[in-house]
Amino acid sequence: MRVIDCGSEKIDKSFVGHGDSINEIRTQPLKSSLVVSASKDESVRLWNVQTGICILIFAGAGGHRNEVLSVDFHPSDIYRIASCGMDNTVKIWSMKEFWTYVEKSFTWTDLPSKFPTKYVQFPVFIASIHTNYVDCNRWLGDFLLSKSVDNEIVLWEPKMKEQSPGEGTVDILQKYPVPECDIWFIKFSCDFHYNAAAIGNREGKIFIWELQSSPPVLIAKLLHPQSKSPIRQTATSFDGSTILSCCEDGTIWRWDAMESS
């Protein structure tokens, strides 16, 4: 994993730790020095990019049993992350009892390699919403958005059992259909306030769903005669007015909302 200084256009730091490819990285919105990475090596790692320390490794007895494809920080609960992957599950992890390690990572003066990195082996919740690879998950408040290869994004609520960690039930709240989205590794994105979700499909089209309405409202469908390749990932700007799409043919497309006259 590389940290790039955009001002000097140079690599600031490099982190080595994962035993295989990294499929996604996310930054903690409340504490931007904290970054999580999801890897093909079946683990999620929490890093302090300021000090170069690998703080926690989420893997082991209760961890993922195949590639981890996506990970996300809870927007307001600083201790909580959600991860999903090729074992068809979404797992919610808590850092609460390990938070002293996070604090220690900011004041550590020895070599980063000597930091007592802690393994977190058991998630606080495991959900089997999908019957195939889960390749993207994002928090929507205390709810979760996740998608598999079923031509839809699912909004659901995890209902945990306080007495028995890892167990619980799931309430499916809404589904956002996305036609021709039945191949794995297609990721959606949301604007900062989670008003909308943008997702591409295997035909090069983008669907934008309003997240704050029920039943779901399709805000826009973006298409262009030259955009025919599968869109693997989208990125949405702060206010949702600009969307970038990364296509399998090596192109990046930029879409801008126009003021209606």
Side-chain angles (χ1 to χ4, degrees), residues 23-29 36 38 68-77 80-85 90 92 127 129-130 132-158 170-224 227 229-248 252-258:
N23 289 317
E24 187 163 79
I25 55 175
R26 301 284 286 168
T27 304
Q28 160 55 256
V36 277
V68 191
L69 298 176
S70 183
V71 63
D72 194 34
F73 283 105
H74 190 287
S76 56
D77 180 347
R80 195 153 286 200
I81 62 170
S83 60
C84 62
V90 179
I92 297 174
I129 307 278
H130 308 276
N132 209 316
Y133 299 164
V134 192
D135 50 17
C136 192
N137 67 198
R138 296 286 180 262
W139 290 97
L140 179 60
D142 289 328
F143 303 149
L144 274 151
L145 292 156
S146 61
K147 73 158 282 288
S148 180
V149 296
D150 310 312
N151 296 315
E152 63 187 11
I153 300 171
V154 180
L155 175 67
W156 52 278
E157 180 182 10
V170 164
D171 268 1
I172 291 178
L173 307 172
Q174 264 182 182
K175 292 182 176 182
Y176 304 90
V178 189
E180 312 304 332
C181 192
D182 50 2
I183 54 173
W184 75 283
F185 215 98
I186 287 185
K187 294 172 183 279
F188 59 89
S189 63
C190 306
D191 63 296
F192 180 79
H193 293 293
Y194 288 84
N195 291 318
I199 182 168
N201 70 2
R202 62 178 164 83
E203 293 185 332
K205 300 182 176 83
I206 296 174
F207 293 80
I208 304 170
W209 283 98
E210 190 171 302
L211 294 174
Q212 305 291 343
S213 59
S214 180
V217 174
L218 183 67
I219 301 172
K221 187 167 134 187
L222 310 177
L223 57 156
H224 188 279
S227 176
S229 178
I231 295 172
R232 291 299 184 176
Q233 189 161 4
T234 63
T236 308
S237 67
F238 182 87
D239 62 356
S241 63
T242 299
I243 289 166
L244 300 178
S245 60
C246 287
C247 305
E248 204 170 84
I252 296 172
W253 289 69
R254 171 175 166 158
W255 306 79
D256 289 291
M258 303 295 288

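Positions are given from 1 along the sequence. Just so you know, these numbers use all the heavy atoms, side chains as well, and skip hydrogens, waters and symmetry mates.
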(request) Please test Glu157 against Leu173 for side-chain contact (heavy atoms from CB on, under 4.5 Å), starting from the C-alpha separation and ending with a verdict. (result) CA-CA 7 Å; Glu157 180 182 10; Leu173 307 172; 4.2 Å; yes
(message) Applying salt bridge (charged side-chain N to carboxylate O under 4.0 Å, His left out) to Glu24 and Arg138, what does each step give before you reach the verdict?
(response) CA-CA 12 Å; Glu24 187 163 79; Arg138 296 286 180 262; 2.9 Å; yes
(request) Determine, stepwise, if the pair Tyr176 / Val154 fulfils side-chain contact (heavy atoms from CB on, under 4.5 Å). (result) CA-CA 6 Å; Tyr176 304 90; Val154 180; over 6 Å; no
(request) Any chance you could lay out the side-chain contact (heavy atoms from CB on, under 4.5 Å) test for Asn201 and Glu203, step after step, and finish with the verdict? (result) CA-CA 5 Å; Asn201 70 2; Glu203 293 185 332; 3.7 Å; yes
(message) Evaluate Val170 against Ile129 for side-chain contact (heavy atoms from CB on, under 4.5 Å), listing each step before the verdict.
(response) CA-CA 8 Å; Val170 164; Ile129 307 278; 3.1 Å; yes
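Cation-pi contact between Lys205 and Phe207: absent, since separation from the ring centre below 6.0 Å together with deviation from the ring axis within 45° is not met.
Residues Cys190 and Leu145 approach most closely at SG-CD1, 4.3 Å, considering heavy atoms. Minimum interatomic distance between Asp256 and Arg254 (heavy atoms only, all atoms of both residues): OD2-NE, 2.8 Å. Across all non-hydrogen atoms, the minimal contact from Cys181 to Gly200 is SG-O, 3.8 Å. Of all the heavy atoms in Pro75 and Gly141, the pair that sits closest is CD-O, 3.9 Å. When every heavy atom of Val68 is checked against every heavy atom of Asn23, the shortest pair comes out as O-ND2, 3.0 Å. The two residues Ser146 and Val134 make their nearest non-hydrogen contact at CB-CG1, 4.1 Å.
At distances below 3.5 Å, not a single donor-acceptor pair connects side-chain atoms of Lys147 with backbone N or O atoms of Val178. Proximity of a side-chain donor or acceptor of Ser148 to a complementary backbone N or O of Tyr133 within less than 3.5 Å is detected. The main-chain N or O of Trp139 is never found under 3.5 Å from a side-chain atom of His74 such that the two would form a donor-acceptor pair. Between the side chain of Arg202 and the main chain of Ile183, no donor-acceptor pair closer than 3.5 Å is present. When atom types are taken as modelled, the side chain of Asp135 and the backbone of Ile186 share a donor-acceptor pair closer than 3.5 angstrom. Between the Asn151 side chain and the Asp182 main chain, a donor and an acceptor come within less than 3.5 Å of each other. Side chain of Asp150 to main chain of Glu152: no donor-acceptor pair is present (N/O by atom type, distance under 3.5 Å, no hydrogens or angles).
You'll find the side chain of Leu144 reaches within 4.5 Å of the side chain of Ile92, heavy atoms only. For the pair Trp255/Thr242, no side-chain contact is recorded, criterion being any heavy-atom separation below 4.5 Å from C-beta on. Within the 4.5 Å cutoff, the side chain of Ser245 has no heavy atoms near those of the Gln233 side chain. With a 4.5 Å cut-off on side-chain heavy atoms, Leu244 and Trp253 do not count as touching. Contact annotation: the side chain of Glu210 never approaches that of Asn195 to less than 4.5 Å [non-hydrogen atoms, C-beta and beyond]. The closest side-chain heavy-atom distance from Ile219 to Trp209 is not below 4.5 Å. For the pair Leu222/Ile208, a side-chain contact is recorded, criterion being any heavy-atom separation below 4.5 Å from C-beta on. Between Phe73 and Val36 there is a side-chain heavy-atom pair separated by less than 4.5 Å.
A distance of 9.5 Å separates CG in Leu223 from CD1 in Ile206, rounded to the nearest 0.5 Å. To the nearest 0.5 Å, the span separating CD1 on Ile81 from CG on Asn137 amounts to 9.5 Å.
Under the ring-ring contact (aromatic ring centres under 6.0 Å, His included) criterion, Tyr194 pairs with no residue, sequence neighbours left out. Applying the ring-ring contact (aromatic ring centres under 6.0 Å, His included) test to Trp156 and every residue at least two apart in sequence or in another chain returns nothing. For Thr236, the side chain to side chain contact (heavy atoms under 4.5 Å, CB included) criterion is met by Ser189, Asp191, Ala198, Ile243, not counting sequence neighbours.
Side chains of Glu248 and Ser229: no donor on one and acceptor on the other come within 3.5 Å. A side-chain donor from one of Ser237 and Asp239 sits under 3.5 Å from a side-chain acceptor of the other. A donor and an acceptor atom, one from each side chain of Gln174 and Ser214, are located under 3.5 Å apart.
Classified by interplanar angle (parallel below 30°, tilted 30° to 60°, perpendicular above 60°), the ring pair His193/Phe238 is perpendicular.
More than 12 heavy atoms of other shown residues, nucleotides or ligands fall within 6.0 angstrom of atom CD1 in Ile172.
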